[in-house]
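Throughout, numbering of the chain's residues begins at 1 and tracks the sequence.
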Amino acid sequence: MTTPILELKPQYKRLLEGGSSAMTIEGANMAASSFAGVWDNLTFMGCDFSGSGNIRLSAMSNCRFVDCTFLAPVHDFGKMTDVIFTRCKSVGRSIFGGTDGSTGVLFEQCSFLGGGAAAPQSFEGIGCTGEITFRQCSGSGEVLVSGTRLTVQDCQFGEMTFVAGRPRKRGKPLPASVLFDGGHGTGMWRMAG
């Protein structure tokens with residue numbers, strides 16, 4: 001059970017006003033409010049990031065998400081720097097991540113249960129259009145997005161779509177490097193970009 005973020009007054013104020021002092025937000029339901037600006041030096045533990053479009057940041061740095069759930073969200077985390085997702089879970093068609101220039105983005109031991117085997121025409125999904133690593137993750141029916149570098153280590157995926165770089169029709173092309181190291185795949189894997 002999560003608590004609406006509005007009821008966690010100090011944490012809610014910190015998310016709205018910014019700042020760089022370390023803070024942990026535990027067991028919060030993040031769907032109750034809208035957030036913009038910059039998040040820095042935050043740890044989210046066991047939080048629920050449901051909802052669509054209520055998080056539209058310009059940047060996020062030094063943030064951690066541990067045991068959080070993303071239920072069919074559409075969130076823009078802006079330029080991400082040193083952001084780690086550990087044991088997080090996405091359920092349903094999910095779009096959340098960062099923009100160009102993102103670095104140090106890691107998804108570790110996360111599970112992605114997307115909305116089905118067919119990738120949407122938009123090829124939007126989970127990740128960033130910068131550098132990203134998926135390590136020891138599992139899932140199926142989702143779109144994982146990278147820009148300049150995609151690293152997939154020891155993951156178990158089925159019916160997954162990977163988008164690397166950026167096609168010319170969506171703006172300035174981004175050259176990308178891709179590394180699959182270990183892991184196992186089933187069903188159809190699609191590569192786009």
Can you tell me how the ring of Phe85 sits relative to the ring of Phe96, calling it parallel under 30°, perpendicular over 60° and tilted otherwise? tilted
Quick one: closest heavy-atom pair of Gly125 and Val145, and the distance? N-CG2, 3.5 Å
Are Trp39 and Leu8 grouped together when hydrophobic residues (ILVMFWY) are joined by side-chain heavy atoms under 4.5 angstrom apart? yes
Can any side-chain N or O of Ser102 pair as donor or acceptor with the backbone N or O of Met80 at less than 3.5 Å? yes
Does a side-chain heavy-atom distance below 4.5 Å link Met160 with Glu142? yes
Pairing of Glu108 and Arg87 as salt bridge, 4.0 angstrom limit: no
Using a 4.5 Å cut-off on heavy atoms from C-beta on, say whether the side chain of Val163 contacts that of Leu144. no
What's the spacing between Asp82 CG and Asn41 CG if we round to 0.5 Å? 11.0 Å
Going through the checks in order, is the side chain to side chain contact (heavy atoms under 4.5 Å, CB included) test met by Arg64 and Leu42? CA-CA 6 Å; Arg64 306 289 177 261; Leu42 298 170; over 6 Å; no
Ala176 and Gly165 have their tightest heavy-atom pair at CB-N, 3.4 Å
Could you give the side-chain donor-acceptor pairs of residues 15-36 under 3.5 Å, partners two or more places apart or in another chain?
unit_1: Asn29; atom_1: OD1; unit_2: Ala31; atom_2: N; d: 3.0
unit_1: Ser33; atom_1: OG; unit_2: Tyr12; atom_2: OH; d: 2.8

Rounded at 0.5 Å granularity, tell me how far CZ in Phe77 sits from OG in Ser61. 13.5 Å
How are the rings of Phe70 and Phe49 set relative to one another: parallel (under 30°), tilted (30 to 60°) or perpendicular (over 60°)? parallel
Ile126 versus Ser90: any side-chain heavy-atom pair under 4.5 Å? yes
Would you compute the distance between atom SG of Cys155 and atom CZ of Arg135 and round it to the nearest 0.5 angstrom? 9.5 Å
With the side chain counted from C-beta on, respond yes when Ile95 and His75 share a heavy-atom pair under 4.5 Å apart, and no when they do not. no
Quick check: do Val66 and Phe44 have side-chain heavy atoms less than 4.5 Å from each other? no
Heavy-atom donor-acceptor pair, Ser146 side chain to Glu131 backbone, under 3.5 Å: no
How far does CG of Asp76 sit from CG of Asn54, to the nearest 0.5 angstrom? 12.0 Å
Euclidean distance, Phe112 CZ relative to Cys88 SG, rounded to 0.5 Å: 8.5 Å
Note, Met60 side chain near Asp40 side chain (heavy atom, < 4.5 Å): no
Under 4.5 Å between any side-chain heavy atoms of Lys79 and Leu57, yes or no? no
Interatomic spacing from CZ in Phe65 to OG1 in Thr86 - rounded to 0.5 Å: 11.0 Å
Please say yes or no: joined through hydrophobic side-chain contacts below 4.5 Å, possibly via intermediate residues, are Val152 and Val178 part of one cluster? yes
I'd like to check Phe180 versus Phe134 (side-chain heavy atoms, cut-off strictly below 4.5 Å). Are they in contact? no
How far apart are the C-alpha atoms of Phe107 and Ile132, what are their side-chain angles, what is the distance that settles it, and do they pass the side chain to side chain contact (heavy atoms under 4.5 Å, CB included) test? CA-CA 8 Å; Phe107 285 82; Ile132 189 163; 3.5 Å; yes
